[in-house]
Amino acid sequence: MCGRFTQYFSWQDVHAYASLSSTPVDLSPRYNLAPGQQAAVIRDAVDGRRLSMLRWGLIPFWAKSPDIGYRTINARAETARSKPAFRAAYRARRCAVPADGFYEWARIGSRKQPYLVVRGDAPLMLLAGLWEQWRIPDGQTPTKALGGRQAGDVLETFTILTTEANEAMAPVHHRMPVLLDTELLTPWLAGEDVPLEPCRNELLTILPVSTHVNNARNDDPDCVRPLAALI
DNA sequence: CCAGACGTTGTT
DNA sequence: GTCTGG
DNA sequence: CCAGACGTTGTT
DNA sequence: GTCTGG
């Protein structure tokens, strides 16, 4: 699956890699971005391809409370087209999540060994995603998750599509995010059908990292520092 | 008809 | 909002 | 995703 | 066990 990732790239990096047309935004480096937090997301708008900050965990427009967002950080690529929580977004609200890499955990008994997964051929990857708008209903008790927003405000959220692990990922975990090749970015954002399959094995470099990353409070370069070979 | 779910992962 | 189960 | 809380009363 | 916060 995909439950943590990094966004420590520069604006110049992502602007060039994803052919953005919008003006620069301030990007603070993230080495350990967790569900429920704001992340930079690529979307097509009337004025071009933009980078915006959205909350991770898709809340369907019909939801009565934001709680479902804790369980919609991922959408299965095999079924997202038809699931009530995702189908409207699948039709009309595509996005791509730029990342330097993502984390997966291998469970060995009670131990959780984290791995950082990066592309060997590029500094960035694009994770296929969907986004949604949720209007905070009257009487909704304000939680941290709403980030100070009020009833009537619109919260924009997103999810990351997952698929089965390829052979490179399989020893670590049985699911992984869907990676979009750059030539698929335009058709994906436009709502066209593109193959949502496990990426080629050779594309990925899988590096064991310290359990420092397990605690989401830790958001520093130690999270991405590779350990001596372990796999 | 109304009520209640709507999601993923992993683990048992 | 829309579908399924009762 | 993982880590950590999970409760009440009263007082500051 | 389950939910919230990071």
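So that the names make sense, note that chain A is the first sequence line, chain B the second, and so on, each numbered from 1. Since we're looking at a predicted model, the values are computed, not measured.
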For the pair made of CG in A:N74 and P in B:dT9, what is the distance, rounded to whole Å? 6 Å
Ion pair present between A:D153 and A:R135, side-chain N to carboxylate O less than 4.0 angstrom? no
Answer yes or no: does a side-chain N or O of A:Y70 lie under 4.0 Å from OP1 or OP2 of E:dG5? yes
Which is true for A:R87 with a 4.0 Å heavy-atom rule: it touches a base, it touches only sugar-phosphate, or it touches nothing? sugar-phosphate
Below the 4.0 Å mark, does B:dT9 have OP1 or OP2 next to a side-chain nitrogen or oxygen of A:R175? yes
Distance in angstrom units between A:K83 NZ and C:dG1 P, rounded: 21 Å
For the residue pair A:H212 / A:D220, report whether a side-chain donor-acceptor contact shorter than 3.5 Å exists. yes
Distance check, C1' atoms only: D:dT9 and E:dT2, in whole angstrom units. 26 Å
With heavy atoms under 4.0 Å as the rule, sort A:P60 into base, sugar-phosphate or nothing. nothing
Between E:dT4 (P) and A:R55 (CZ): distance, integer Å: 11 Å
Using the P atom as the reference point in each nucleotide, state the distance between B:dC6 and D:dT8 in Å, no decimals. 29 Å
Distance check needed: E:dT4 C1' versus A:W56 CH2, whole Å only. 16 Å
Look at all strands and tell whether A:F86 reaches a base, only sugar-phosphate, or nothing, counting heavy atoms closer than 4.0 Å. sugar-phosphate
Is A:T211 touching bases, backbone alone, or none of the nucleic acid, heavy atoms closer than 4.0 Å? nothing
Among D:dC1, C:dG1, D:dG4, the one nearest A:K64 by side-chain distance: C:dG1
Using atom CZ of A:R4 as one end and atom C1' of D:dC2 as the other, report the distance to the nearest whole Å. 5 Å
Mind calculating the distance between CZ (A:R81) and C1' (C:dT2) to the nearest angstrom? 18 Å
Side-chain donor or acceptor of A:H15 paired with backbone N/O of A:L20 under 3.5 Å: yes
Would A:W62 count as stacking on B:dC6 if stacking means ring centres less than 5.5 angstrom apart and planes tilted under 30 degrees? yes
Does D:dA3 have OP1 or OP2 sitting under 4.0 Å from an N or O in the side chain of A:K112? yes
Shortest side-chain distance from A:I68, nucleotide among D:dC1, C:dG1, B:dC6: B:dC6
Distance check: side-chain N/O of A:N214 vs OP1/OP2 of D:dA3, anything under 4.0 Å? yes
Rounded to whole angstrom units, what separation is found between the CG atom of A:N32 and the P atom of D:dA3? 11 Å
For atom CD of A:Q37 and atom P of E:dG6, their distance in whole Å: 9 Å
Using the P atom in both, what is the distance from B:dC2 to E:dG6, to the nearest Å? 42 Å
Per A:R217 side chain, nearest of listed nucleotides D:dG4, B:dT8, C:dG1: D:dG4
Inspect the contact between A:R55 and A:E156 and indicate whether a charged nitrogen and a carboxylate oxygen are less than 4.0 angstrom apart. no
Any side-chain N or O of A:R76 less than 4.0 Å from the OP1 or OP2 oxygen of B:dT9? yes
Any side-chain N or O of A:T72 less than 4.0 Å from the OP1 or OP2 oxygen of B:dC6? no
Answer yes or no: is there an ion pair linking A:R200 with A:D121, defined by an N-O contact shorter than 4.0 Å? no
Please check this pair: side chain of A:T157 against backbone of A:W56, looking for a donor-acceptor N/O pair closer than 3.5 Å. no
Any carboxylate oxygen within less than 4.0 angstrom of a Lys/Arg side-chain nitrogen, looking at A:R175 and A:E78? yes
Under a 3.5 Å cut-off for both distances, is B:dG4 Watson-Crick or wobble paired, and to whom? C:dC3
Students often get this wrong, so: under 4.0 angstrom with heavy atoms, is A:A34 touching a base, only sugar-phosphate, or nothing? base
